[in-house]
Amino acid sequence: MERRRVLVAVSGGIAAYKVPELIRCLVRAGHTVRCVVTDAASHFVSPLVLQALCGSPVRSQLFDASEESEIDHVALADWADIVVLAPATANTLARLANGLADDLVSTTLLATRAPLLAAPAMNVNMWRHPATRENVGRLRDRGVRFIGPESGALACGWEGEGRMSEPETIAAEIELCLGPRSLTSTRVVVTAGGTREPIDSVRALTNRSSGKMGFAIAAEAARRGAETVLVAGPSALSTPQSVRRVDVETALEMREAVLAEMPTASVLVMAAAVADFRPSKPATTKIRKEDLGDSAPVIELVRNPDILAEICAQPRDGRIVVGFAAEDRDVLETARRKLARKGCDLLVANDVSRTDGGFDSDRNAVIFVRPGGEAEELPLLAKAEVAARLWDLIEKLRGSSA
Ligand code: PMT
């Protein structure tokens, strides 16, 4: 098995007594393990034991000059290939769901861009409480994976769901999350977000794309070991781990950035919502109402180049080109026509009229459409899961064309 960097974040629950065994499993599997603990966790498991097992200092304090000088908490968050929260208490999950960061564990969880696996452990009624259900749902939507909890006798005396999964089970799930490094030696270009086409020095034409879909696709490619370039329109999202990001604003800039990356790319995924039109003559200064009297400005638009179609028209040399289609009606039929027009190897159609997915949502319901019309419809899924399914299919296509 490949040696990976696993950061184990321990929060304060009785199940913390299982963490030493989890660390042993991970070390036995050949991984480098580091550990951070909350103050409460150190009542349930000795940091000294954890330190002896993982072979590096166990940190617990955010504001400790000596600990921070050793390795600061952001460096720790960046270091990890995966972060495992075990046990994940109701409190830690609630804090993470709400973005709270006031101790080392919560700060690290918020700062990391690595995949996060949570192993909940708590009283059955706490697990079933609507607040916990809601927090878990929000975290799942953001791509956090969960293992357990399992049912059985709980330390609090109750029976039911709430037991943390066994260390071997968590360790096996970590291997699944780390995934096969199936895209090593593959260079991937992903576009994300909407473009912004200036009208004048302060206004622009844009759309509702947040970048979430494309960022998830880039994150998954990098997780599978691909050398990943993300060409992103304006987006507030943070760059996924191990991804090189090229920020662009307009469709013309996106075209230039994508074309520059293409010569050595084996896969292109165009998830960006590229503006089809742009103002023909953007004003260099702000258009002022007072200069227009009672009239409104007339903005003439010109067509932007179709980046996807342009790349599809070039010789492929084994490269796979994937497009997206944002449709609000007749989704499948329109997508089939679009695929035939653009000439890509796969089109991912999404119904952007839905309120539970599509633009700026953490979820998406997509249909994979292939040349020839074959279609596979997926249920509504977290965008991270859509990204994983998409790469599974791309890998299959690459395998069959090799
Ligand atoms: O960013 P999110 O908030 O997560 O939302 C995700 C999404 C809805 C934006 C995404 O899933 C999606 O559907 N992206 C494509 C949106 C789009 O522009 O669709 P389209 O049907 O207009 O374009 C079809 C394809 O051609 C797309 O791959 C697009 O990137 C590409 N295109 C479009 C126009 C253009 N001038 N050049 C292009 O390359």
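Remember, it's 1-based here, ligands and their atoms both numbered in the order they're listed.
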message: I'd like to know whether T32 forms a side-chain hydrogen bond (donor to acceptor under 3.5 Å, both in side chains) with R3, so could you lay out the CA-CA distance, the side-chain angles of the two residues, the decisive distance to 0.1 Å, and finally the verdict.
response: CA-CA 7 Å; T32 307; R3 192 179 184 87; 3.2 Å; yes
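When atom types are taken as modelled, the side chain of N364 and the backbone of G358 share a donor-acceptor pair closer than 3.5 angstrom. Using modelled atom types, no side-chain atom of R163 and backbone atom of G152 make a donor-acceptor pair closer than 3.5 Å. Of the possible donor and acceptor atoms, none in the side chain of E376 sits under 3.5 Å from a partner among the backbone N and O of F368.
Here L176 pairs with R145, E173 under the side chain to side chain contact (heavy atoms under 4.5 Å, CB included) rule; sequence neighbours left out.
In this structure, R28 places its CZ atom where more than 12 heavy-atom neighbours from other residues, nucleotides or ligands lie under 6.0 Å away.
Within 4.0 Å of ligand 1, the residues that place a heavy atom are S209, S210, G211, K212, M213, M270, A271, A272, A273, V274, A275, D276, P305, D306, I307, L308, G323, F324, A325, A326, K338, K342, N350, V352, G358, F359, D360, N364, K383, listed by chain and number.
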